[in-house]
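Residue numbering restarts at 1 for every chain, and letters A, B, ... go by the order of the sequence lines.
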Amino acid sequence: MSSTALDTAALKQQFPLLQREINGTRLVYLDSANTSQKPAVVIDTMTNFLRNSYAPINRSAYQLAAEATDAYEGARTKVQQFINARRAHEVVFTKNATEALNLVAHSWGRANLQAGDVVVLTHMEHHANIVPWHMLVAERGIVLRWVPLTADGQLDLTTLAQLLDGAKVFSFTAMSNVLGTITPVQQLCAAAHAAGALAIVDGCQYVPHNVTDVQAWGADFMAFSSHKMCGPSGVGVLYGREALLEAMPPFLGGGNMIADVRLDGFTTAELPAKFEAGTPPITEVVGLGAAVDFLIGLGMANVRQHEIEVAGYALRTLTSRFGDDITLHGPTDTSVRGATFSLAFRGIHPHDLSQVLDQTNVCVRAGHHCAKPLMRLMGVAATARASFYLYNDTDDVDALADALDGASAIFGF
Amino acid sequence: MSSTALDTAALKQQFPLLQREINGTRLVYLDSANTSQKPAVVIDTMTNFLRNSYAPINRSAYQLAAEATDAYEGARTKVQQFINARRAHEVVFTKNATEALNLVAHSWGRANLQAGDVVVLTHMEHHANIVPWHMLVAERGIVLRWVPLTADGQLDLTTLAQLLDGAKVFSFTAMSNVLGTITPVQQLCAAAHAAGALAIVDGCQYVPHNVTDVQAWGADFMAFSSHKMCGPSGVGVLYGREALLEAMPPFLGGGNMIADVRLDGFTTAELPAKFEAGTPPITEVVGLGAAVDFLIGLGMANVRQHEIEVAGYALRTLTSRFGDDITLHGPTDTSVRGATFSLAFRGIHPHDLSQVLDQTNVCVRAGHHCAKPLMRLMGVAATARASFYLYNDTDDVDALADALDGASAIFGF
Amino acid sequence: MAGLEDLYREIILDHHRNPRNRGELPPPAPHAVGHNPLCGDEIEVYLQVEDGRVTDIKVGGQGCSISQSSASMMSQAIKGKPVADVQALVRRFKGMMSIPDADGNEIEPDPEVKLGDLEALQGVVKYPVRIKCAILGWNTLLEALEQV
Amino acid sequence: MAGLEDLYREIILDHHRNPRNRGELPPPAPHAVGHNPLCGDEIEVYLQVEDGRVTDIKVGGQGCSISQSSASMMSQAIKGKPVADVQALVRRFKGMMSIPDADGNEIEPDPEVKLGDLEALQGVVKYPVRIKCAILGWNTLLEALEQV
Ligand SMILES: Cc1ncc(COP(=O)(O)O)c(C=O)c1O
Ligand SMILES: Cc1ncc(COP(=O)(O)O)c(C=O)c1O
């Protein structure tokens, strides 16, 4: 069933992979927090580009190359508008969000952080927003502090002011990929700035699902990945405030990021080229542009509204059907959560659960979801995670519930 | 006209973009040293993957994800065989060759190079094999030495032993992207090793055009890019000897590259995951696998033979038609050069030349080709560069020559 | 549910519910911990080796039905065996799991080495992601043996 | 060759072949160097400013016909002009080249400011890659003016 906000029946038709049947059963893809499927318009844009317009960008004067450059830079402008950045060159294309976060930790971090400097993270961060900082702990002796969680999986902000006191950086996720929790980004950015710290937002799980406005947030940096928002793999985005990007040393060295290279040194190019060394993911950036158009066409407010409805339906359905046999981690209030659910079910190990659900083509991920510190705090080694996106609907929730029933049968309940 | 080694007439049919006509004239694409066009089989593989098989790799237990993982890891094995690496996990997927070279300079370099340590480069390196080392000069105080060139654009090896004396690294290109020069890779690796230095090969311009055997070369590291070898943009390869990769610290931190993450630190995953942080270019790696199959189908020895013939025809044709009015940089002996030609023509600025050739859809690049130190040594700010690939033939050489005649008309000769 | 019987054979589920040789041995017993970073599974193996024979083994850790039952069945199969026979069994088991040897070659099944109940795990091969679960205990065992 | 007449107008080729105001001015003349990293073009601008008026200008450097002729025509156009008029001309020229102002808005053509011969460069707009060539001299001029 469709929600009031999106016509999912029609939407599903636009995703070729969701038409796939395995052993005669339709695919129920509930792993979009991991990576999303792609609408035909994105696939076709890439295919057409490869067939008719593929060419190098930036460096050649002929028309084909000029067209390709326009397509590439046009996608940058689309992304700029999508996240409401002030300038197009505040949008840097990376290979994924992980590279984007590493870029900040490496370039801004090594230029600005000394031994003893404090970086504040939260207990619900993805490894991509932990390990780059751990590397600076090892190399530079910076100090990490952690914002703890409340019992229902929200950030516990009661001690935030103390944690931020004297901190140089506050880097946090806008939405947890494990708990589904949406954090109060604008408030957190303000708190960071009040303490004189930089606000870095991991937008991986937020940008695909909600209206994003980096200026309203007041974010200094923000990272996200194309592949989670209906776009191709192989491209991520780093948003950075112009003044910060200007002042930072470059990250990767090579072609495109230089103004001049001599035998004895080099000077860097202007933004955004300065941070885009080498041949970029040309076709993939063009595909991301098509994904942004697709999402704008749906309206991100509608996407969010739809997911609120699906999340609410999932909470009600799974709780009423399985009661205490199911644990749904994270907040129960849909106004502070997305449609991503980590769950525990009747003591069945997540890996077994995922495998059994797969027999009815219900695809959920089992594992630590690249958030091992959070897993340890939750006291589990792994969870099964069902994550819903714009193409999922209440039928998919029902399919999940039915598949859970089937799992009980095998493991003998 | 086709060469004896490849049936280019049939080959051209397999590249959709080469069918494109602009203003009724066929496209003569002579910018493959920059980035190559893609055969239908690569485009179709990617499209089919996106429509039917796209899924996360490595982390999920369901069948769709297992299939995608097989496709991704299968491509790794193809690449391994293509370059004759000993083990599949010696093949690390990066975003491009530039990232691959930065990875080596950053991870191996920072772990092994101290102030005063010598890194030897050559005067014909691409910025991607210069700037990462310049960064280590600035940060670490390493010292660069440069192998000079002979008058005909080959490496001048007369002082190589002195240059390598006491060096820690010798990093050099297997083929110049400006001059077309092919370097004696095996001999250079042996010289590096004899001096106790590591041999790093920039294979960007070689791997797409020739039989590659990293074991026969004795290379310690080798970098190349998918997009120059009929594969998609957004993926590059770092080959590294197992023992070296094992001993190196990681580069980017995040998901997939860890064995464990705690609040107080992390441990790294096994090879190759250790160097593949975050979600990789999944579709692009699968596309690269298809490109490798395509090239193996043609036979790399045939590709090389074909390009020798085209290069020979180009040298003869351009010299006989334009005599002293044209300068073709680089060696004239086709046994030590590929089919990439930097040229100067009747004092017309390369940028103007490229623009005028484009009027007849002859696409050549004008610029410094990311090799500014070489340009300065050549005494030019820029050159026009025509680079031929497996789908180019002697007709394309003639089209270039005709277009050059047309350029003379405009600029008044 | 069609297809899964091959994976979740009754004997596997039994070992999963009632793991054998569960526990620890006090130091200085050879001891190793194995992780599967993909799913968070963890297995601990404690050994007692006397006169070239595994006289006792204890298994700890937590994980999915396949990793736990495989380790449990392994502990039963090797207890009391000479180390050489244990090595041969590991090799035989990895061969069944389609794991190549160190040189990347397929392992030929040695008819001398009997798998017994372990044959029940054969169905795992059809689920490549689970192979890592099935061999986790075995690799941990090898690590523990290296300390002997 | 069809299409290119718009770009390579005779007056442009003339300035390319015979660049005006070529040379240098001795220090402490305001002086700036501009690079186009894409094509390696380089332009140097030397100024002499007296009583708010550009009394002399010299242009050095090397590059393609568009960058060189644009700088040459620019030097003719501004020599002798008050600095305020020069600034207005730069703005007008950038507007013709479709370069937005600092806030990213389109520059409306000011009818008071006459382009004269510079109108010949209008054809460049159709070739976005060349716009950077055409404005290289003008950006370098702005940099030199900042030193006044
Ligand atoms: C010799 C050489 N090295 C390195 C590179 C960098 O490759 P990429 O831009 O794909 O990273 C190139 C191509 O641009 C090249 O020609
Ligand atoms: C919250 C969060 N941050 C960062 C990442 C890393 O993104 P990527 O793997 O695309 O680099 C992910 C997804 O894996 C995520 O969910």
Less than 4.5 Å to any heavy atom of chain A: does that hold for the side chain of [X], its backbone, both, or neither?
X        : value
B:Ser36  : backbone
B:Arg262 : both
B:Thr283 : both
B:Val235 : neither

- Sorted by chain and number, sequence neighbours left out, ring pair (Phe, Tyr, Trp, His ring centres under 6.0 Å) with B:Tyr72 holds for B:Phe93

- Other residues, nucleotides, ligands: >12 heavy atoms within 6.0 Å of A:Asn23 CG: no

Count the heavy-atom pairs under 4.5 Å between each of [options] and chain A, then report the option with the highest count.
options                                : answer
B:Ala277, B:Gly253, B:Pro232           : B:Gly253
B:Gln37, B:Arg51, B:His351, B:Met46    : B:Arg51
B:Lys372, B:Lys38, B:His134            : B:His134
B:Gln19, B:His106, B:Gln355, B:Met257  : B:His106
B:Leu144, B:Asp264, B:Val137, B:Asn129 : B:Asp264
B:Leu27, B:Asp260, B:Ile22             : B:Asp260

Taking all atoms of both residues into account, what is the closest heavy-atom pair of [X] and [Y], and its distance?
X        : Y        : result
B:Ile258 : B:Val261 : CG2-CG2, 3.7 Å
A:Ala269 : A:Asn256 : CB-O, 3.7 Å
A:Pro16  : A:Pro39  : CD-C, 4.3 Å
B:Ser107 : B:Pro250 : OG-O, 3.3 Å

At a heavy-atom distance under 4.5 Å, which candidate from [options] has the highest pair count against chain B?
options                              : value
A:Pro281, A:Cys363, A:Ala128         : A:Cys363
A:Leu50, A:Asn96, A:Thr47, A:Leu263  : A:Leu263
A:Asp44, A:Ile130, A:Leu64, A:Asp31  : A:Asp31
A:Phe266, A:Phe251, A:Phe15, A:Tyr54 : A:Tyr54
A:Leu103, A:Val131, A:Asn361         : A:Val131

Under 4.5 Å heavy-atom distance to chain B, tell me which part of [X] shows up: side chain, backbone, both or neither.
X        : result
A:Val42  : neither
A:Ile282 : both
A:Leu121 : neither

- Is a side-chain donor or acceptor of A:Arg385 paired with a backbone partner of A:Asn177 at a separation under 3.5 angstrom? yes

- The salt bridge (Lys or Arg N to Asp or Glu O under 4.0 Å) partners of B:Lys95 (sequence neighbours excluded) come to A:Glu99

- May I ask you to decide if the ring planes of A:His368 and A:His127 are parallel, tilted or perpendicular, using 30° and 60° as cut-offs? tilted

